[in-house]
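Counting starts at 1 for both ligands and their atoms, following the listed order.
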Amino acid sequence: MARYVYDFTEGGREMADLLGGKGANLAEMTRMGLPVPPGFTVTTEACKVFLATGSEPEGLDREVAARLAALEEAAGRTLGRPDDPLLLSVRSGARFSMPGMMETILDIGLNDESVKGLAKVTGNERFAFDSYRRLVQMFGSTVMGIDSALFEGELARLKRARNAPDDLHLDAADLAGLVGTYQELILRETGEEFPQDPVEQLRRSIHAVFSSWNVERARIYRRREHIPDDLGTAVNVQTMVFGNLGQDSGSGVAFTRDPATGRPGVYGDYLPNAQGEDVVSGIRNAIPLAELQRLDPASYEELCGHMRALEDHYRDLCDIEFTIERGKLWMLQTRVGKRTAEAAFFIAHQLVDEGLISQDEALERVSGEGLARLMFPRFDSESVAEPLAHGIPASPGAAVGAVVFTSAEAVRRAAAGEKVVLVRQETTPDDLPGMVAAQAILTSRGGKTSHAAVVARGMGKVCVCGAEALDVDPAARRFSTNGTTVTEGTVISVDGTQGVVHLGAAPLVDSEVVRYFENHGQPAGEGEQPVVDAVHRLMQQADAVRRLGVRANADTPEDAARARRFGAEGIGLCRTEHMFLGERRRLVEAMILATTDDGRDRALAGLLPLQRQDFVGILEAMDGLPVTIRLLDPPLHEFLPDRTELAVRLAATEAHGDAKDPHEVELLEAVNRMHEENPMLGLRGVRLGLVVPGLVAMQVRAIAEAVAERRKAGGDPRAEIMVPLVDTVEELRIVRAEVERVLSEVSEETGVTVDCPVGTMIELPRAALTAGRIAQEARFFSFGTNDLTQTTWGFSRDDVEAEFFSAYLDQGIFKVSPFETLDREGVGRLIEIAVAEGRATRPDLKIGVCGEHGGDPDSVHFFHGAGLDYVSCSPFRVPVARLEAGRAALEGTQGSDSR
Ligand code: ADP
Ligand code: MG
Ligand code: MG
């Protein structure tokens, strides 16, 4: 029979799928002998059944009852017993941590009777009623669905009536009254009494946690983090310990290293006389954890010891939640902590030095996405003006945007394409859509562990929190600070690395990591930023283990040179269309309009020397490395003026009674002649070369002459000629014959043997499916995954991204855009077929990819697995691809957990 409940003493870290992250780690800490209040976990499987059927699985209630009986037996108390109640918490805990997403209910077991018993046994009436009002509030909002703002409103009203600056200034009678007020509120809102039966409280709380898996903010968070929707959450039922029993009690959170920078040390917040959720919610201001050393040295020492034990055990940065009940320390949660990109690199590097992990494991712990983040520009500290405000640097990076005060406004403006900064006193899970939409988050309250900070770090968003000088007035849509008032829509700059805010758009400079790559991947030496050292070591490791080559997509000598500095091993895609624009457009027009062979040849002859010089520059920048040059690809009419514009101009001339420019008349005829309904599926790619005489020959001649020139200059040019948009081997056969003819002509003329391998892009499903035949004529393949994605799905990127992609993402049809991350199931399948059949024909076929997927981490892993020889991406993504290619090579070689 299926089993749905596990005691903390039965589980462990390896059972996270079943027990959720929190439950698995509570069990692991129990196993390590750390002081964890006893309890048990209801599995994610039970949640799945509940969500699918609307009721709990058969037998769950019996299992829970049996576990509860065992807890009661061990504690010597029973749940909700009137004279000395056992109290429980019910805590959600999914496989992947979703901070603040799911609900927690504390103090279950209290009712109008047992609250008196609790007061008596603790000798603390205020504490008992404080706990009870928390239960009624959490149960009312989470289980019974009442807006929590109504409870907050009552609490605020009471505080005002008593002139109490915070909740600590309310006494037992106040809180007892508040319980009554809350109970009336519940009755009024739901027509139902707050349940007095502890077992009913427990059962309904468990159901509420199950259901919370599907609340909107949980869905939004999962979509953003690419967490599957069908995992479900586990539920942890745990004996309560009390941090709100007086000044010798309290709750806190801590990190074993700084999650912002990775530096070792004691980081965290502590709140005396409070239950845990008070710390995270930022309701009262917490004190730095280090001050606990003074308040309660014994607990502090014990805590530090547990933190060291956890780091040694998990071999990573851990974050923890703890509570002290009358001087006794309890561990309530741990997990491998979220961290910034900088901290991830720094910590991985440092754990190698500390001997805790190997170089390969260090590589598994960082990510291309994180590296890309370290390459974002930062504010130029030399030239920024006096800051508007200072706060806590909670999540690093530089962001500029217009100030907004509500989540809805952030979403509205961002949808219209505006960059915004969300400014709040503090954030709650309800602000999540706005946080996703914003460039940065700025709050006036809360520390490094506040909701804003934790969520922003998880999302890689810039965040400055606790900027106390800010007086935020969301109703009036403005904030003021040190005499300056800033209204909604004003542009500010938020520096999450320094924790400062500037008025206006501050100037940006390259990050130190970009400067490092610009320096050919050599650290500048003494005094280098520690994160650069870490990046350097990890890049070296990635290069040592990776099998995939990494090339760049570069069209100019400058891009080629930068790509090379960033570690590219050649150019995988050199587009030539820009060589037909600008001044040269005139020649292209002449070529298109030519009515005689002569006229066309003259135009082509004009283009030839210009294009040759372009190639000389690129081949020089990439000397000794392969440069894959793609023959002209886009439809020719892209080089002609816009049809409507031209027609309107001519009509206006006519209306004025002026003479029409004959050249323009001719142009319009050409434009009309060449107009296509679906240009991307029209006369382009190899088709152009087969239809426009001399076009292929001119381009090949430019390439071949450039090769000859470079060779004569003592260089080592390695041009490869790539034919775009091939559907069938016949096309390639004809074009290749022409290429070979021109190559031998140029070889003869120059006396330099020019041998450029000819290959093709595979970017149409038909090409992928007939790759075995195409390989007869191709020395190499390069997957053009942008077009291959468009033609496989049958939609055009430009149209769908604006039109309906967000609806598709919302409805879960896509987890992520197939233009961002390769669609393994469809497009990937075509790639696998083409690789297998291409290599069957020609075992030494070189195969790469040159779509934007070449720089996308997940796609790089796929290309590694599919056996490609290299990926090619924009110069800026080259380091990302190198790192991910290294990580891909390690995949499956050791127990890896990448999230
Ligand atoms: P989250 O996943 O949002 O962090 P938790 O389940 O960790 O939610 O619960 C929130 C807070 O409630 C915790 O920080 C902890 O301090 C407090 N808490 C949970 N269970 C208990 C317990 N058994 N005793 C005391 N405090 C608890
Ligand atoms: Mg927690
Ligand atoms: Mg293409």
Side-chain angles (χ1 to χ4, degrees), residues 8 19-26 29-30 35-42 71 75 79 85-110 118 127 130-131 134-135 137-139 141-142 202 205-206 208-209 212-213 215 217-218 221 233-245 249-255 268-284 286 303 318-326 328-338 427-429 432 449-451 453-455 458:
F8 289 169
L19 303 180
K22 196 181 288 166
N25 287 323
L26 282 167
M29 285 200 292
T30 306
V36 176
F40 54 85
T41 303
V42 183
L71 270 191
L79 180 65
L86 172 71
L87 301 184
L88 298 174
S89 70
V90 167
R91 318 170 64 187
S92 67
R95 170 71 180 88
F96 301 112
S97 89
M98 298 165 61
M101 301 310 308
M102 316 286 284
E103 305 293 353
T104 301
I105 302 158
L106 304 181
D107 306 317
I108 286 170
L110 282 176
L118 184 65
F127 151 76
D130 183 47
S131 303
R134 287 170 191 268
L135 169 65
Q137 172 167 357
M138 284 186 268
F139 196 92
S141 59
T142 309
L202 176 61
S205 298
I206 292 174
V209 172
S212 75
W213 176 257
V215 299
R217 60 185 196 234
Y221 186 85
T233 178
V235 186
N236 302 290
V237 178
Q238 188 174 29
T239 308
M240 281 299 299
V241 292
F242 300 103
N244 53 341
L245 263 170
S249 305
S251 289
V253 294
F255 296 91
D269 298 316
Y270 182 70
L271 199 54
N273 198 9
Q275 277 194 334
E277 81 271 31
D278 299 344
V279 186
V280 192
S281 69
I283 286 171
R284 248 190 289 149
L303 180 67
C318 295
D319 74 24
I320 62 171
E321 296 176 7
F322 66 93
T323 280
I324 297 173
E325 177 181 322
R326 290 186 166 154
K328 159 83 181 131
L329 174 68
W330 293 98
M331 303 293 279
L332 289 179
Q333 187 174 332
T334 193
R335 69 185 156 211
V336 168
K338 297 213 163 144
T427 61
T428 69
L432 199 70
T449 52
S450 64
H451 178 266
V454 172
V455 174

Item to complete: May I ask which of Met138, Glu321, Lys22 has a heavy atom nearer to atom 13 (C) of ligand 1 than the others do?
Response: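 Heavy atom nearest to atom 13 (C) of ligand 1 belongs to Glu321.
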Discussion item. Can you check which of Val90, Thr104, Leu88 brings a heavy atom nearest to atom 9 (O) of ligand 1?
Written reply: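 Nearest heavy atom to atom 9 (O) of ligand 1 lies in Thr104.
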Item to complete: Kindly give the heavy-atom pair with the smallest separation between Leu245 and Arg326, and that separation in Å.
Response: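 Looking at all heavy atoms of both residues, the closest pair is CD2-NH2, 3.7 Å.
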Indicate yes or no for a side-chain donor-acceptor contact from [X] to the backbone of [Y] under 3.5 Å, with no hydrogens or angles considered.
X      : Y      : answer
Thr323 : Trp330 : no
Thr41  : Val235 : no
Lys22  : Gln333 : no

Worksheet item: Of all the atoms in ligand 1, which lie at a distance below 4.0 Å from a heavy atom belonging to Thr239?
Response: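 Counting atoms of ligand 1 from 1, those under 4.0 Å from Thr239 are 22 (C), 23 (N).
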Discussion item. As an exercise, identify every atom of ligand 1 less than 4.0 angstrom from a heavy atom of Gln238.
Written reply: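 In order of number, 20 (N), 23 (N).
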Item to complete: Say whether Ser251, considering both its backbone and side-chain N or O atoms, lies within less than 3.5 Å of an N or O atom on ligand 1.
Response: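 There is no such contact.
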Fill in: Within-cut-off N or O pair, Val241 and ligand 1, under 3.5 Å
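Looking only at distances, the answer is yes, because the N/O contact criterion of under 3.5 Å is met.
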Worksheet item: Which part of Ser89 is near ligand 1, with near meaning a heavy atom under 4.0 Å away: side chain, backbone, both or neither?
Response: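 Answer for Ser89: side chain.
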Practice prompt. Mind checking side-chain contact (heavy atoms from CB on, under 4.5 Å) for Asn244 and listing every partner two or more places apart, or none if nothing turns up?
Written response: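 Partners of Asn244 under the side-chain contact (heavy atoms from CB on, under 4.5 Å) test: Phe127, Asp130, Ser131, Arg134, Phe242, Asn273, Gln275.
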Practice prompt. Go through the steps to decide whether Val253 and Asp319 satisfy the test side-chain contact (heavy atoms from CB on, under 4.5 Å), and finish with yes or no.
Written response: CA-CA 7 Å; Val253 294; Asp319 74 24; over 6 Å; no
Practice prompt. Examine Gln333 and say whether one of its N/O/S atoms is closer to the Mg ion (ligand 2) than 2.8 Å.
Written response: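 Here the distance criterion (N, O or S atom, under 2.8 Å) is met by Gln333, so yes.
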